[in-house]
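Each remark here refers to the structure printed beneath this line.
Just the heavy atoms: all of them, side chains too, but no hydrogens, waters or symmetry mates, feed the values below.
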Amino acid sequence: MRVFSSIEELRHTLDALKRQGRTVGLVPTMGYLHAGHMQLVARARAENDIVVVSIFVNPLQFGPTEDLSKYPRDLERDSAMLKQAGVNFLFAPGVEDLYPRPMQTVVDLPDLGSELEGAVRPGHFAGVATVVCKLFNIVQPQTAYFGEKDYQQVVIIKRMVDDLAVPVRVIAVPTVRDSDGLAFSSRNVYLSPDERRAAVIVPQTLDEAERLVAEGLSDAAELEAKLTAFIGREPLAKAEVVAVRDASTLAPVASIEEPVVVALFIRIGTTRLLDNRVIRSRGPGDTKIVRDNRMSGQSGKGVSR
């Protein structure tokens, strides 16, 4: 595995391989890798000749009071994991490499980016879309891989790719969970032992959503209220976002008929945890968890595949 921090050196190396007909898959990360990241890598390895993983803690997506300075970092550990997994290239730029001067260009999806997580983290998704767009321009992969745990992020990136006709196929990979159901996340290391035990309220809330819809609850606002009350049973948990939205567009829904995503953004102590589940109601007592087509690797019209 070769490690790059220079944009030009990485581009030069990849250009030579692409001229040989090699396909390239990109896995963008912020590092401190876990089992969820490695599932993305495994999928990329299975579907491409060359795999590039980027590790960059992106300051554009952190607010002034957020955890940029303490975000967990261990490049040596991450590099060893990626080498063992068969990654070809690690792109690990510093801030000065990716942003040699203050950015004046921003990629923003103001409607999608101000909803849900974006409502409590203003500007976050503009930072995400900007850095992902820049990584796509640097690596120019045929495919890029993201985790379904960050459901809103995947919807935003796919919309950005469609809107800007970026020739990248965006693949969403199912969430990887610990034995108690909690989704793997780099931020889980922030949790104290008591908070880690309390964090199971997050997947339990998704189970509760599935149960309620299976029993015939179809009013979205009522489901949100019931789930918020359910989270309130855990003293260490604070519900910042509990939302039932259209699974493809994230638009609000009144009734649960088409597939919906139950999106959660829950604070445990000082740590914010994201999770979601896509559910479709087919009538009382007949509920099925589904993966929306847009989440299963179809990146939309106008994108080369």
Side-chain angles (χ1 to χ4, degrees), residues 28-37 40 55-74 109 112-132 146-157 172 175-178 180-209 224-225 227-245 250 261-278:
T29 82
M30 292 208 301
Y32 212 76
L33 304 178
H34 52 66
H37 293 116
L40 303 180
I55 293 179
F56 180 65
V57 181
N58 175 36
L60 298 186
Q61 67 193 67
F62 288 79
T65 63
E66 293 186 326
D67 57 349
L68 174 62
S69 62
K70 67 173 185 176
Y71 193 86
R73 297 165 170 85
D74 192 336
L109 290 79
L112 280 173
S114 63
E115 293 285 320
L116 305 175
E117 182 183 357
V120 293
R121 300 184 70 188
H124 168 71
F125 285 113
V128 170
T130 300
V131 75
V132 170
F146 297 86
E148 286 184 359
K149 179 181 73 69
D150 298 303
Y151 193 97
Q152 184 177 8
Q153 173 177 278
V154 175
V155 171
I156 284 172
I157 291 168
T175 302
V176 179
R177 299 182 179 279
D178 213 335
D180 60 0
L182 185 66
F184 281 106
S185 168
S186 299
R187 285 187 168 91
N188 289 355
V189 298
Y190 296 159
L191 300 170
S192 70
D194 286 343
E195 290 169 345
R196 177 61 184 80
R197 286 187 288 271
V200 297
I201 192 66
V202 181
Q204 287 173 353
T205 301
L206 298 175
D207 291 341
E208 178 70 359
E224 291 172 353
L227 295 180
T228 301
F230 183 86
I231 295 164
R233 300 178 186 181
E234 171 50 62
L236 297 181
K238 177 184 177 183
E240 296 195 344
V241 173
V242 178
V244 178
R245 297 295 180 91
L250 300 183
V261 60
V262 177
L264 304 179
F265 195 43
I266 297 177
R267 187 186 291 272
I268 306 289
T270 61
T271 303
R272 284 167 160 168
L273 300 179
L274 282 170
D275 210 343
N276 65 80
R277 185 169 297 174
V278 177

Requested in this report: Output all residues satisfying side-chain hydrogen bond (donor to acceptor under 3.5 Å, both in side chains) with R197, sequence neighbours left out; order by chain, then residue number.
Outcome: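 By the side-chain hydrogen bond (donor to acceptor under 3.5 Å, both in side chains) rule, R197 matches D194.
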
Any donor-acceptor pair under 3.5 Å linking the side chain of [X] with the backbone of [Y]?
X    : Y    : answer
Q152 : E115 : yes
T175 : A183 : no
E234 : A199 : no
N276 : K149 : yes

Minimal non-hydrogen separation, [X] against [Y], with atom names:
X    : Y    : answer
F125 : G118 : CE1-N, 3.6 Å
F146 : Q153 : CD2-NE2, 3.9 Å
L68  : F62  : N-CD2, 3.5 Å
A263 : L116 : CB-CD1, 4.4 Å
Y71  : S186 : OH-CB, 3.4 Å
L206 : V262 : CD2-O, 3.8 Å

Report task. Identify whether the distance between the nearest side-chain nitrogen and carboxylate oxygen of R196 and D180 falls below 4.0 Å. Result ->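 Between D180 and R196 there is a salt bridge, with a charged N closer than 4.0 Å to a carboxylate O.
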
Query - Electrostatic pair R272:E66 at N-O distance under 4.0 angstrom - result: yes

Query - Derivation and outcome, side-chain contact (heavy atoms from CB on, under 4.5 Å), residues V132 and Q61 - result: CA-CA 11 Å; V132 170; Q61 67 193 67; over 6 Å; no

Using side-chain heavy atoms (C-beta onward) and a distance below 4.5 Å, is [X] in contact with [Y]?
X    : Y    : value
P28  : F56  : no
T205 : L264 : yes
E117 : V241 : no
V261 : L250 : yes

Rounded distance (nearest 0.5 Å) linking atom [atom1] of [X] with atom [atom2] of [Y]:
X    : Y    : atom1 : atom2 : result
L236 : E195 : CG    : CD    : 6.5 Å
D275 : I201 : CG    : CD1   : 12.0 Å
H34  : T29  : NE2   : OG1   : 9.0 Å
I268 : L182 : CD1   : CG    : 9.0 Å
F265 : L273 : CZ    : CG    : 8.5 Å
K70  : R187 : NZ    : CZ    : 9.5 Å

Report task. Begin from the C-alpha positions of Y151 and L274 and carry the test side-chain contact (heavy atoms from CB on, under 4.5 Å) through to its verdict. Result -> CA-CA 9 Å; Y151 193 97; L274 282 170; over 6 Å; no

Report task. Please assess R277 against D207 for the test side-chain contact (heavy atoms from CB on, under 4.5 Å), listing each intermediate value before the final yes or no. Result -> CA-CA 9 Å; R277 185 169 297 174; D207 291 341; 3.0 Å; yes

Report task. Could you check V131 against L60 for side-chain contact (heavy atoms from CB on, under 4.5 Å), going step by step and ending with a plain yes or no? Result -> CA-CA 8 Å; V131 75; L60 298 186; 5.5 Å; no

